[in-house]
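Step one of this worksheet: look at the structure below.
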Amino acid sequence: MAGRAIQIAPSILAADFSRLGEQVAEAQAAGADMIHIDVMDGSFVPNITMGPLVVEAVAKVATIPLDVHLMIAAPERFLKRFADSGADNLTVHIEACPHLHRTLAAIAELGCRPGVALNPHSPAGALAEVLGIVDLINVMTVNPGFGGQAFITSMTKKIRQLRQSAEAAGKFIDIEVDGGITDATIGAALAAGATIFVAGSCIFRHKRGIADGLAALRRAAADYSI
């Protein structure tokens, strides 16, 4: 873990969609490491957001990886569509995948980094049998479905458990935290072992603009080492 730089992934769920391309370009220019795209279907989560066409549009602007988070039922139906649209990371939910091993293998075969997300109620141990084939674990630090929620502080224990499990398996796995990340919460998640930080409102809706929002997160993380 020592020496690994943190990665910040602005979530376009909080962006101004009338200026989406402009705001993605601005986040990228300000040093974002990837762009996070939340796909919600109104079934697995109580909200409907965006689909492959938005991923395609962002891919035309971004030169950094696209981190696509599928908060949808039966995501295996759409893996190829999102991969073809430009996804670099494809993350599915353990709660939505009765055949998780098969789904993660299919993501890898499509040339994307396979990721799996855990809702707050799902235990870290549920991933024991797929650690060998997963590149990214998304720890939901809010109940998924809506942006702007408060960070659930008890999730830091899960982050720590997952980091320990990955190290015991002899594999580096990116642990992503998603929900309620601000300059007040990023340090706790970082100290627990997270490496990727999804942030929406505190970047795209920062009162002094996107670049200042990103800079504030990096300053807040600077007191912690990973």
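Looking at Val134 and Ile173, their side chains come closer than 4.5 Å, going by heavy atoms from C-beta outward. Val116 places none of its side-chain heavy atoms less than 4.5 Å from the side chain of Asn138. Side-chain atoms of Asn143 and Ile152, non-hydrogen and from C-beta on, do get closer than 4.5 Å to each other. Between Met50 and Ile12, the closest side-chain pair of non-hydrogen atoms falls below 4.5 Å. Looking at Leu79 and Leu70, their side chains come closer than 4.5 Å, going by heavy atoms from C-beta outward. Looking at Leu90 and Pro114, their side chains never come closer than 4.5 Å, going by heavy atoms from C-beta outward. Side-chain contact check for Val68 versus Val55: some heavy-atom pair is nearer than 4.5 Å. Within the 4.5 Å cutoff, the side chain of Asn119 has heavy atoms near those of the Phe44 side chain.
Atom OG of Ser43 and atom CD1 of Ile72 lie 10.0 Å apart (nearest 0.5 Å). Rounding to the nearest 0.5 angstrom, the gap separating the CD1 atom in Ile210 from the CD atom in Glu26 is 4.0 Å. Atom OG1 of Thr103 and atom CD of Glu76 lie 5.0 Å apart (nearest 0.5 Å). Atoms CG and CD1, from Leu136 and Ile107 in turn, are 10.5 Å apart once rounded to the nearest 0.5 Å. Summarising the geometry, atom OG1 belonging to Thr49 is positioned 7.5 Å from atom CZ belonging to Phe17; distances are rounded to the nearest 0.5 Å. To the nearest 0.5 Å, atoms CG (Leu104) and CD (Glu109) are separated by 11.0 Å.
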field: Verdict with supporting geometry, Asp88 and Cys112, side chain to side chain contact (heavy atoms under 4.5 Å, CB included)
entry: CA-CA 5 Å; Asp88 295 285; Cys112 298; over 6 Å; no

- prompt: Asp16 and Leu20: side chain to side chain contact (heavy atoms under 4.5 Å, CB included), yes or no, with the steps?
  reply: CA-CA 6 Å; Asp16 178 351; Leu20 182 58; over 6 Å; no

task: Check step by step if side-chain hydrogen bond (donor to acceptor under 3.5 Å, both in side chains) holds for Thr195 and Glu176.
output: CA-CA 6 Å; Thr195 52; Glu176 180 175 72; over 6 Å; no

task: Any chance you could lay out the side chain to side chain contact (heavy atoms under 4.5 Å, CB included) test for Met40 and Ile48, step after step, and finish with the verdict?
output: CA-CA 5 Å; Met40 306 182 193; Ile48 298 174; 5.8 Å; no

message: Using the rule given for side-chain hydrogen bond (donor to acceptor under 3.5 Å, both in side chains), can you reason through Ser11 versus Asp38, listing the C-alpha separation, both sets of side-chain angles and the distance that settles it, and then say yes or no?
response: CA-CA 7 Å; Ser11 170; Asp38 287 307; 2.9 Å; yes

field: Derivation and outcome, side chain to side chain contact (heavy atoms under 4.5 Å, CB included), residues Val177 and Thr185
entry: CA-CA 10 Å; Val177 284; Thr185 59; over 6 Å; no

- request: Please test Lys207 against Asp212 for salt bridge (charged side-chain N to carboxylate O under 4.0 Å, His left out), starting from the C-alpha separation and ending with a verdict.
  value: CA-CA 8 Å; Lys207 61 183 178 182; Asp212 278 357; over 6 Å; no

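Using a 3.5 Å distance cut-off with no hydrogens or angles, the side chains of His36 and Asp67 do pair a donor with an acceptor.
Applying the 6.0 Å contact sphere to NZ of Lys171 captures more than 12 heavy atoms from other residues, nucleotides or ligands.
Considering all non-hydrogen atoms of both residues, Thr91 and Ala117 come closest at CG2-N, 3.7 Å. Summarising the geometry of Pro10 relative to Ala27, their closest heavy-atom pair is CG-CB, 4.2 Å, with the distance given to 0.1 Å. Contact between Pro120 and Met140 at its shortest, heavy atoms only, is CG-O, 3.7 Å. Taking every heavy atom of both residues into account, Ala220 and Asp183 meet most closely at CB-O, 3.2 Å. For the pair Ser201 and Ala14, the tightest heavy-atom approach, listed with the atom from each and the gap, is N-CB, 3.5 Å.
Taken together through direct or relayed side-chain contacts under 4.5 Å among Ile, Leu, Val, Met, Phe, Trp and Tyr, Phe82 and Val92 form part of one hydrophobic cluster. A continuous path of hydrophobic side-chain contacts links Met71 to Phe151 [ILVMFWY only; heavy atoms under 4.5 Å]. Taken together through direct or relayed side-chain contacts under 4.5 Å among Ile, Leu, Val, Met, Phe, Trp and Tyr, Val142 and Ile94 form parts of separate hydrophobic clusters. Placement of Phe197 and Phe204 within a single hydrophobic cluster is found when ILVMFWY residues are connected by side-chain heavy-atom separations under 4.5 Å, directly or transitively.
A distance-only check finds a donor-acceptor pair linking the side chain of Arg77 to the backbone of Ala73 [under 3.5 Å]. Arg218 places a side-chain N or O within 3.5 Å of a backbone atom of Gly31 that can act as its donor or acceptor partner. Counting only distance, with no hydrogens or angles, the side chain of Lys158 and the backbone of Ser122 share a donor-acceptor pair below 3.5 Å. Formation of a donor-acceptor pair under 3.5 Å by the Gln7 side chain with backbone atoms of Met34 is not found in this model. A distance-only check finds no donor-acceptor pair linking the side chain of Glu56 to the backbone of Gly86 [under 3.5 Å]. The closest donor-acceptor contact from the side chain of Arg160 to the backbone of Ala192 lies at 3.5 Å or more, if one exists at all. Using a distance-only test at 3.5 Å, with no hydrogens or angles considered, no donor-acceptor pair links the side chain of Thr141 to the main chain of Met155. For Arg163 (side chain) and Gly193 (main-chain N/O), a donor-acceptor pair under 3.5 Å exists by modelled atom type.
The aromatic rings of His69 and His93 sit parallel to each other, their planes meeting at less than 30°, with 60° as the upper class boundary.
A salt bridge does not link Asp84 to Arg81: none of the charged side-chain nitrogens sits closer than 4.0 Å to a carboxylate oxygen.
Partner of Ile8 under the side-chain contact (heavy atoms from CB on, under 4.5 Å) criterion, out of Val198, Ile203, Ile181, Ile196: Ile203 alone.
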